[in-house]
Amino acid sequence: MPEGHSIHRLARQFQDVFAGQVLEVSSPQGRFTAGAALLDCHELLEATAHGKQLFLRFDHGVLLHVHLGLYGAWSFGGDESFRGASSIGAPRRIGERETFSQEAEQDAGLGAGPGAGSPISSYAGPPEPVGAVRVRLVSANGWADLRGATTCAAITEAEAAAVLGLLGPDPLHNRPGDREEFIRRLLRRKTAVGLLLMDQSVVAGIGNIYRAEVLFRRRVDPWTPGSSLNAETAGRLWDDTVAAMSDGVRDGRIVTTPSALWSGGTAGALDGEAHFVYKRQGQPCRRCGEVVGMAEIGARKLYWCPGCQN
DNA sequence: ATATTATGCAAAT
DNA sequence: TTTGCCTAATATT
């Protein structure tokens with residue numbers, strides 16, 4: 001269940017362990033057989049992320065486009081060199097499903113695994129697929145399995161450009177002009193800012209946790225219409241989103257309660273102290289003591305502090 | 001052990 | 001507006 005920070009970590013992981021290598025691509029589950037055939041035996045040039053979209057670009061102009069949706073997940077495994085190159089390391093991170101197989105080390109060096117004899121694999125090979133593996137990538141040193149994704153497609157550069165064209169700026173890129181573009185897209189809509197932050201065409205990568213936490217940190221009432229915000233407030237929302245999500249990329253989990261923002265706590269180190277308002281409805285606000293509220297808005301649960309955010 | 005829930009989105013209705 | 005995705009952490013029995 002990833003927000004943008006997880007996808008950027010995954011892009012970095014694919015870049016680190018697979019870029020520059022020819023990959024075997026298959027669909028053990030069978031639902032992506034045709035797409036896998038289009039990508040099989042080609043070199044991965046680069047892996048990139050924009051918001052929650054992941055793109056793996058291959059050497060013949062075809063891309064693998066993946067969106068994990070609510071419960072999609074990648075898992076990885078491989079030999080020692082593969083592990084050494086991985087930026088997603090064991091033990092697995094709390095709150096994310098970027099799992100790194102503990103079995104991989106055992107598989108390596110056993111000699112006669114299921115994948116032995118494959119033209120590319122030089123290690124014992126990936127394990128038998130467990131569950132519904134939509135797509136499996138295999139290099140000489142490791143493998144990656146995708147399960148449960150909403151989107152998994154082999155697309156052209158033009159189709160990838162079309163996907164990107166529907167998205168707002170990504171705080172994790174924070175490119176020149178992105179901040180101003182975010183402000184423009186926020187202020188021209190009458191929709192509640194709590195909904196706009198979840199709108200991927202306004203800003204790409206924010207999910208339900210960052211939505212709630214960033215609005216709390218900036219003391220913005222989620223029901224304020226975008227058009228009622230001033231540019232300064234909107235700009236500071238962008239800046240804090242950049243900061244919070246960058247922390248998420250670094251930590252591999254969402255912790256929005258650093259000690260600098262919360263003198264009474266332990267910097268989110270303890271379970272249950274990682275957030276200010278997310279899933280804390282009915283409990284006292286960590287900042288003002290008011291009871292944290294929750295409401296369903298746009299089919300998702302919105303959490304906020306009525307005392308701080310008005 | 002079993003049930004519920006969810007960091008999301010698109011397709012179907 | 002509802003369903004599918006078919007995972008995996010958390011809650012409940």
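If you're wondering where the values come from, they're calculated on a predicted model, not measured in any experiment. Naming: A, B, ... by sequence-line order, numbering from 1 per chain.
A:Asp239 has no carboxylate O lying under 4.0 Å from a charged side-chain N of A:Arg236, or vice versa, which leaves the two without a salt bridge. The pair A:Asp240-A:Arg217 meets the salt-bridge criterion, since a charged nitrogen lies less than 4.0 angstrom from a carboxylate oxygen.
B:dA10 sits 22 Å from C:dA8 when the P atoms are compared, rounded to a whole Å. Remark: the separation of the P atoms in B:dT5 and C:dT13 is 12 Å, to the nearest Å.
The NE2-P distance, from A:His65 to B:dA10, rounds to 9 Å in whole Å. Counting to the nearest Å, the P atom of B:dT7 and the CG atom of A:Asn208 are 4 Å from each other. Rounded to whole angstrom, the span from the CZ atom of A:Arg253 across to the C1' atom of B:dA6 amounts to 17 Å. Counting to the nearest Å, the C1' atom of B:dC9 and the CD1 atom of A:Ile206 are 17 Å from each other. In this structure, CZ of A:Arg147 is placed 6 Å from P of C:dA8, rounded to the nearest angstrom. The separation between A:Met245 atom CE and B:dT7 atom C1' is 10 Å, rounded to whole Å. In this structure, the NZ atom of A:Lys52 is 7 Å from the C1' atom of B:dT7, given to the nearest Å. One can place CG of A:Leu68 at 16 Å from C1' of C:dG4, the figure rounded to the nearest angstrom.
Taking the side chain as every heavy atom from C-beta outward, A:Ile209 and A:Lys279 never approach each other to under 4.5 Å.
When the nucleotides C:dC5, B:dG8, B:dA6 are ranked by their closest atom to the side chain of A:Arg31, C:dC5 comes out on top. Checking C:dC6, B:dC9, B:dT7 against the side-chain heavy atoms of A:Gln29 singles out C:dC6 as nearest. Out of C:dC6, B:dT7, B:dC9, the shortest distance to the side chain of A:Arg300 is found at B:dT7. For A:Ala132, the side-chain atoms get nearest to C:dT7 when compared with the rest of B:dT7, C:dT7, B:dC9. Among the nucleotides B:dA6, B:dC9, C:dC6, the one closest to the side chain of A:His67 is B:dC9.
Taking the ring axis of A:Phe216 as reference, the NZ or CZ atom of A:Arg286 does not stay both within 45° of it and closer than 6.0 Å to the ring centre.
Nucleic acid contact for A:Tyr210: none, since no nucleic acid atom lies under 4.0 Å from a heavy atom of the residue.
A close approach under 4.0 Å does not occur between any side-chain nitrogen or oxygen of A:Tyr71 and OP1 or OP2 of B:dG8.
Ring centers of A:Phe76 and A:Phe14: under 6.0 Å apart, within the cut-off.
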